[in-house]
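Below, all heavy atoms of this structure are taken into account, side chains as well, without hydrogens, waters or symmetry copies. Just so it is clear: chains get the letters A, B, ... in the order the sequence lines come, proteins before strands, and each one is counted from 1.
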Amino acid sequence: MDAIMLQEKLVERLLCPRVRTARQKEKQYVGFATLPNQVHRKSVKKGFDFTLMVAGESGMGKSTLVNSLFLTDLYKDRKLLNAEERINQTVEIIKHTVDIEEKGVKLKLTIVDTPGFGDAVNNNECWKPITDYIDQQFEQYFRDESGLNRKNIQDNRVHCCLYFIPPFGHGLRPVDVEFMKALHEKVNIIPLIAKADCLTPNEIKKLKDRIREEIEKFGIKVYQFPECDSDEDEEFKQLDKELKECTPFAVIGSNTVVEARGQRVRGRLYPWGIVEVENQSHCDFVKLRNMLIRSHMHDLKDVTCDVHYENYRAQCIQEMTSKLAQDNRMESPIPILPLSTPDADTEKLIKMKDEELKRMQEMLNKMQQQMHDKDQ
Amino acid sequence: MTKQHENHRDMNFSHTVLKQSGGSTLLGYIGIDTIIEQMRKKTMKTGFDFNIMVVGPSGLGKSTLVNTLFKSQVSRKSAGWSRDEKIPKTVEIKSVSHVIEEGGVKMKLTVVDTPGFGDQINNDNCWEPISKYINEQFEKFLKEEVNITRKKRIPDTRVHCCLYFIPPTGHSLRQLDVEFMKRLSHSVNIIPVIAKSDTMTVEERQEFKQRVRKELEMNGIEFYPQKEFDDDIEDKSDNDKIREMMPFAVVGSDKEYQVNGKRVLGRKTAWGIIEVENPNHCEFAQLRDFLIRSHLQDLKEVTHNIHYETYRAKRLNDNGGLHPITSNDTQESNL
């Protein structure tokens with residue numbers, strides 16, 4: 001301990017006790033523990049945004065489920081098309097945006113709907129408009145990010161895609177497999193079993209097992225829940241485990257309120273009983289809502305930014321640099337010409353010329369070296 | 001008076017009864033009505049055939065419904081084919097026959113299944129194998145009929161009825177539904193049914209049915225019972241009532257549960273038991289009564305008298321006849 005510190009200590013001890021303790025406290029407490037609060041306050045002020053895509057054939061209950069999840073009525077004046085009107089319809093992309101505020105926290109929710117998916121007789125590549133849309137959002141963000149004014153970037157990237165599997169089949173259909181494979185590396189896919197109130201508990205279990213098997217068999221990368229931290233408590237870990245074993249979620253949605261067991265709940269009234277949307281023993285709606293909104297919303301956004309977007313960005317940059325490299329190569333031997341991507345033959349020719357040049361260069365170097373040696 | 005005496009004498013030789021204006025008056029009991037009983041006895045002895053085809057995408061409960069309708073394991077599923085087989089790449093036609101008996105009457109029931117219909121990504125022309133199959137059965141029957149030495153009873157493999165399963169989306173018919181029914185309603189009796197209707201509440205079901213009926217009308221699709229074949233006023237009023245109710249919203253099940261002290265066929269969920277034969281729950285009972293208890297014979301007759309005849313006329317016109325047939329033959333009426 002050197003002299004200055006000793007002196008400081010003496011001064012401290014001599015000063016009055018109140019100041020002394022305060023000084024001591026100050027020394028121990030830096031104050032960055034308030035950082036989460038500061039972040040919290042700032043984000044509350046800024047608000048959050050979330051983009052959710054729903055995909056699946058018509059009549060799977062997508063709109064009803066979205067309304068049930070967010071307790072809104074986004075599709076109030078929707079006109080249902082009949083079969084004839086739908087003949088020449090291609091898959092459209094329709095966005096609905098709604099601002100929701102709860103306990104001072106603002107959420108700008110965007111729902112991307114995909115009417116027409118899977119409805120035609122020939123559904124070849126019916127997912128192309130959807131993949132194009134997702135890529136467009138990535139491209140736009142990439143451009144904005146590389147631009148000059150980055151203060152107000154609008155993030156329209158799709159954070160999550162709920163895919164509705166019909167409960168009538170015996171597992172995944174060809175169109176389900178193709179769709180998920182086309183999208184699993186661009187967006188977080190969460191498969192759902194739609195209209196689950198037409199299945200008995202046994203049938204639901206069988207269908208879920210079958211779908212999980214097929215997802216693995218076809219190598220489809222659906223959204224994986226992140227692993228629990230090892231320091232979480234047992235109850236949380238248990239809940240997390242249950243959640244993971246429950247996928248794909250079997251959901252029911254409802255726009256109507258019914259009276260059940262003396263309470264008013266969202267549900268569906270059948271002659272043989274009442275289905276309650278928020279009853280965990282009836283369907284997995286609550287699990288889906290908790291997962292989507294209450295625990296994993298942020299993680300979905302993170303995975304979109306860190307994984308899907310980064311993949312897109314890396315791919316994009318690679319394409320750009322390979323194009324540039326080709327352009328650069330062309331500049332030296334031949335005057336600059338506006339060239340489209342060269343075909344296989346010209347590529348070979350270019351390679352040959354490159355190697356020739358290299359050889360000539362080496363020979364030149366050797367000759368120079370020889371001359372240099374000779375001189376010496 | 002004399003005339004009547006003559007008739008009375010001649011009755012033992014079964015001469016035709018002289019008809020007086022206003023209808024015949026018989027002076028005794030001939031026994032013509034016993035012919036019905038004779039026919040009945042004969043039919044019971046020979047039994048009869050019924051061929052039903054089920055069409056619809058996989059998983060809509062077609063096999064279960066047919067089993068429930070005939071209260072026996074008559075579908076393809078029960079014939080030993082596994083339920084988990086893969087969806088075929090093209091539409092296949094698989095038929096299974098069983099002989100079932102009730103009240104002394106034997107019926108050879110053939111269920112024709114069409115796995116692969118509507119299951120692919122590209123379903124263009126998926127109705128063609130089905131259309132081909134139906135025409136092939138007509139062709140088989142036609143060939144037997146024009147043979148010189150004909151079998152006493154031509155084996156009838158013609159499709160008498162096609163149950164078309166509409167998925168319960170709650171919105172409207174799909175393009176595929178319209179295309180199929182448009183093309184096939186002129187070669188076979190189509191009965192559209194709404195499958196797995198326990199997914200809709202009563203109001204949703206009514207709305208859906210109305211929309212479907214409207215769409216069928218707009219597209220000129222005549223499903224069975226076709227309006228143009230109603231024989232008389234009585235038929236028309238009966239059939240009108242049925243047409244108002246169609247398409248039937250059905251639920252099928254082969255499991256039994258205890259409800260109010262009775263064992264019923266149903267589906268057990270966490271919120272209640274759906275009773276298949278309860279008219280408040282679904283329209284299975286109405287479909288069954290319509291299909292089996294009242295219109296079974298009519299389905300066969302319409303198939304024979306109308307669809308088959310249409311096919312036959314077309315064939316004979318196209319080829320100028322299969323083999324030399326006199327003009328008398330082409331004009332004789334068939335029963």
- Message: For a salt bridge (Lys or Arg N to Asp or Glu O under 4.0 Å) check, start with the C-alpha distance between A:Lys287 and A:Glu242, then their side-chain angles and the critical distance, and finish with the verdict.
- Response: CA-CA 10 Å; A:Lys287 291 203 179 72; A:Glu242 280 176 15; 5.6 Å; no
- Task: Mark yes or no for whether B:Lys209, through its side chain, and B:Met245, through its backbone, hold a donor-acceptor pair below 3.5 Å.
- Result: yes
- Aromatic contact, B:Phe180 with B:Phe117 (centres under 6.0 Å): yes
Proximity breakdown for [X] and chain A, heavy-atom pairs closer than 4.5 Å:
{"X": "B:Ile273", "value": "backbone"}
{"X": "B:Asp119", "value": "backbone"}
{"X": "B:Pro168", "value": "both"}

Pick from [options]: which one has the most heavy-atom pairs with chain A under 4.5 Å?
{"options": "B:Lys214, B:Lys196, B:Lys268, B:Arg267", "result": "B:Arg267"}
{"options": "B:Ile274, B:Asn280, B:Asn278", "result": "B:Ile274"}
{"options": "B:Thr269, B:Thr201, B:Val202", "result": "B:Thr201"}
{"options": "B:Glu203, B:Glu204, B:Gln120", "result": "B:Glu204"}

- Item | Toward chain B, the part of A:Glu276 with a non-hydrogen atom under 4.5 Å | neither
- A:Ser281 versus chain B, the contacting section by heavy-atom distance below 4.5 Å: backbone
- Task: Go through the side-chain N and O atoms of B:Asp177 and B:Tyr164 and say whether any donor and acceptor fall under 3.5 Å apart.
- Result: yes
- Query: Would you say the side chains of B:His307 and B:Asn189 form a donor-acceptor pair under 3.5 Å?
  - Reply: yes
Can you tell me which of [options] forms the most heavy-atom pairs within a distance under 4.5 Å of chain B?
{"options": "A:Glu125, A:Lys195, A:Glu57", "answer": "A:Lys195"}
{"options": "A:Asn279, A:Ile204, A:Val275, A:Leu199", "answer": "A:Val275"}
{"options": "A:Arg173, A:His282, A:Glu178, A:Met60", "answer": "A:His282"}

- Item | CA sep, side-chain torsions, deciding dist, call: A:Lys208, A:Asp284, side chain to side chain contact (heavy atoms under 4.5 Å, CB included) | CA-CA 12 Å; A:Lys208 282 189 183 181; A:Asp284 297 331; 2.7 Å; yes
- Query: Could you go step by step and tell me if A:Arg266 and A:Glu278 meet the salt bridge (Lys or Arg N to Asp or Glu O under 4.0 Å) rule?
  - Reply: CA-CA 7 Å; A:Arg266 276 207 170 204; A:Glu278 298 187 5; over 6 Å; no
- Item | Mutual orientation of the aromatic rings belonging to B:Phe248 and B:Phe290 [parallel < 30°, tilted 30-60°, perpendicular > 60°] | tilted
